[in-house]
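One structure is given below, encoded as structure tokens.
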Amino acid sequence: MSERHSLAESALLASVFTVLAYQQLRFDAFENEKVGLLSILAAVVVGAALADSASLRKSAGVRRPLGWAAGALLAAVLASTLFSLSFTRSLWGSAYRGQGLVAYICYLALFWQAARITAGARAKLAPILTVIAVPVCLLAVLRYYGVGGEFLQAARPGSTAGNPNLLAAWLVMALLYLGPHLLHRARPHAALLQGAVCALIVFTLFLLSSRGALLGLGFGALAGVVIVLALRRRRRALLAILALVVFAGAGYVAVSRGAAASGDVPGIARFFRPYDPARLSVWRAAVEMLAHQAEPLYAFDGVPDRWAALRPWVGYGLDTLDQTHSHFVKYNPDIEEIFIQPGTDVAAIIDRFHNLILDVQASLGWLGLAAWVAVYEAALYAGLRRLDLIDRGRLGSWLGAQAIGAPAGALLAWAVVPGSAFGATALPGAALGAAGGAIAWIGAQSLRAAPPVDLDRRQVTAIAVICVIVAQWVDNQFGFMTAVTQPLFWVMLGLLGGDAAPAGEVESENEDEAAHTWYTGAAVAGAFLIYSLDAPVSGQFIVFLGQSTITLVILLAATCLAGLSGALLSRPASERRVDWERASHILIVWLVFLAAKRLIGHFATQLLDRMDLTPATLALACGMLVLGSGAVLVIAVGAFAGRPALRRLRRPAAVVGVCVALAAAGYAVRYVGSALHAVGFSFGNAFEAEEGPALFYAADRAYETAVTYTPDDTQIRIHWVYLLEKRARVDWGAQDDDPAAARIRAQLGAAYRWEPFLPNAWEWRSYYEHYGYEAEAP
């Protein structure tokens, strides 16, 4: 394997750690942070490939039909972006999600690299997930019990994922991947730590009580059990499983119908109330809206959408769902009242329908929906083909089983939710029914006259990934895709997309390499924790304390303990000793990075305090922020690639460096713009205090600079307009020539040029409806 390929694999493995990355200093604290770091890691993958053309020609491509499905999805995303309601929004993604074209390109780059992964790198994924799950779960547990002082006890805690549902979705994927590998390990002692971490994940899922994730876990686990029994030809056990599923399903329907009549239920009991009235209202209105998707929306100047006839096919564009608010409410006028935030007259911002089919249909149209379904189906087909459970001759019966299960599931969902409209429950019910039909078909393969199969590690990986795919399909019928889950999901898809047995590759586990993975995994995870949880900024205009010191110490200690324990247990009993050189590297890396981050934060705070936001000082701030994020990436990439490989990298260094520099520069500019947006928003809401003039000046300068250097600046401009209007108290009838009014018109005009359909958005309408047509048409 070439050094460039080793570097690309290191970046691939580092991408899994981005679940730990978030910055509360930014206005977009969670998902955009992950996408920004992913863009740099994807640049390493692309740069290494460009610098190693010989290896690129020899490497295996993505296997059909999964490669075709991924290519079709990319084509659908490109077409949707070109015809989007807001090209910039669909390119970069919204400030809340960041799921634009750039994010999809990052996911597909990871997918392509994962399809070329070697056996050694693939073996590292289970230890990495084990190490990462420890701080992710512990942070949620600490928040639940109020440890650390800065957080009150939360009924459903979040973590670095930001939202309990998104956290649960990631944990389910990790659990379903670790479970089969845990059961297949040859040495019982080596499974001790992973078993303990799996128990921690289960406990955290109990605290989170996310119904969609738990339902996905049930379907994924059922798929795994049925596959193993079918390969073992255990027909009686399969019949027992079938009877148990039918009995449990009937009992669940009976209990859930009783729980539906009760009020809110706490904890895990939420699972027996399988729906929210608000979500049903959204689904019903979404179905009606999408049935009229070809009806045009109107821009700020009253001009209708010229691509309205194409909307059913290409959608409205990625991350533009909130700009269909007027169209959405048209078919359910009561929807706003359902989502009014308590104590206000402000409607919650709905930027997702919380259903994969509805979300994709709205954003990517029929072309994108067909491509996404093809990705799921092709991935399952690739996994089953690897297990020799399917071939082209059985493809028709497999699809037929799903076609039969879909309407059955739709009818069952309608029965479970009494009094609901059929259209509101048909789509998630049909999706679950199709998954059930596929699982039933797999069980039927035990009837084939074939000997039982002894599973090897590659087949266990295929089973684990199939479980993850099924769980994600089910979970996303009640949630949505984010940067929390998608990097790991696409990496796992790539494991099925490569050749089944690359030439010359041996499936064996090296104890020394396994121990090295645990050490380096702990070092990288701790670096990401310091990056996310340390408190770098505390100045005159902005104070960000982050997590308490005790929280960070607990998480770092647990991460270090997980790494050391894994390294010890991965060796035979006679060789279990701590490698103190590698253990010391963990602490050295953390201390050096912590000191560098504090120093960077100090200089950044000095610039913010002076509000000396000229291009020169902003460039300096960008450089420091690149250094801060780059330190994490250097640690991550260097640790997995290894020092010998990095020393031999000479010719490709320039190519990789250029790719990384471009991605890091874009990330830094967006980081600075988002951080200044947070400064402006925070002090814009507090400038009426005694120190009001200073706060207004800081907010005004922060908004001005953020708008100047951020490519997708519409939301910043709207918040800036709100600040200016509050400061000047503009009377539009009497002060048409007022300078403040002129500034507001200028900012609105710029916003409308980038996003002409902005007046249809929920946030705009909730806060700024009286600005609607004050700006002149560009």
Would you check if there is a donor-acceptor pair between the side chains of [Y] and [X] at a distance under 3.5 Å?
X: Gln402; Y: Glu377; answer: yes
X: Ser90; Y: Thr81; answer: no
X: Gln361; Y: Tyr316; answer: no
X: Gln99; Y: Thr482; answer: no

Pairwise side-chain contact, [X] with [Y], heavy-atom cut-off 4.5 Å (strictly under):
X: Glu9; Y: Lys124; answer: no
X: Leu229; Y: Ile241; answer: yes
X: Val102; Y: Trp92; answer: yes
X: Asn355; Y: Phe478; answer: no

Handout entry: Evaluation steps, ring pair (Phe, Tyr, Trp, His ring centres under 6.0 Å), between Tyr376 and Phe489
Key = CA-CA 11 Å; Tyr376 278 100; Phe489 178 71; 5.7 Å; yes
Shortest non-hydrogen contact from [X] toward [Y]:
X: Gly497; Y: Ala115; value: C-CB, 3.9 Å
X: Leu66; Y: Ala379; value: CD1-N, 3.8 Å
X: Cys467; Y: Gly224; value: SG-CA, 3.3 Å
X: Gly521; Y: Phe17; value: O-CE2, 3.5 Å
X: Ala126; Y: Leu178; value: O-CD2, 3.3 Å
X: Ile201; Y: Ala174; value: CD1-CB, 4.4 Å

Problem - Trace of the side chain to side chain contact (heavy atoms under 4.5 Å, CB included) decision for Ile390 with Trp441 - result: CA-CA 10 Å; Ile390 197 173; Trp441 182 90; 3.7 Å; yes
To the closest 0.5 Å, what do you measure between [atom1] ([X]) and [atom2] ([Y])?
X: Ile463; Y: Leu387; atom1: CD1; atom2: CG; value: 5.0 Å
X: Leu38; Y: Glu31; atom1: CG; atom2: CD; value: 11.5 Å
X: His181; Y: Leu129; atom1: NE2; atom2: CG; value: 9.5 Å
X: Thr18; Y: Glu33; atom1: OG1; atom2: CD; value: 10.5 Å
X: Gln459; Y: Asp388; atom1: CD; atom2: CG; value: 9.0 Å
X: Trp283; Y: Thr425; atom1: CH2; atom2: OG1; value: 8.0 Å

Using 30° and 60° as the class limits, which term best fits the ring planes of [X] and [Y]: parallel, tilted or perpendicular?
X: Phe83; Y: Trp307; result: perpendicular
X: Trp490; Y: Trp372; result: tilted
X: Tyr22; Y: Phe30; result: parallel

Problem - Criterion salt bridge (charged side-chain N to carboxylate O under 4.0 Å, His left out) on Asp475 and Arg211, from CA distance to verdict - result: CA-CA 8 Å; Asp475 185 19; Arg211 289 167 294 191; over 6 Å; no
Handout entry: Residues Arg97, Asp351: salt bridge by 4.0 Å N-O rule
Key =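 Yes, Arg97 and Asp351 are salt-bridged.
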Problem - Any donor-acceptor pair under 3.5 Å from Thr320 side chain to Ser86 backbone - result: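 Not a single qualifying donor-acceptor pair exists.
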Practice task
Begin from the C-alpha positions of Leu318 and Tyr104 and carry the test side chain to side chain contact (heavy atoms under 4.5 Å, CB included) through to its verdict.
Solution key: CA-CA 10 Å; Leu318 293 170; Tyr104 270 79; 3.9 Å; yes
Exercise for the section: Check the pair Phe353 / Leu321 against side chain to side chain contact (heavy atoms under 4.5 Å, CB included), numbers first and verdict last. Expected result: CA-CA 9 Å; Phe353 288 141; Leu321 188 60; 3.5 Å; yes
Exercise for the section: Let me know which of Ile469, Leu356, Leu215, Leu217 forms a side chain to side chain contact (heavy atoms under 4.5 Å, CB included) with Val474. Expected result: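 Of the listed options, the one satisfying the test is Leu215.
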Problem - Full working for side chain to side chain contact (heavy atoms under 4.5 Å, CB included) between Arg392 and Tyr381 - result: CA-CA 10 Å; Arg392 292 183 180 180; Tyr381 177 82; 3.7 Å; yes
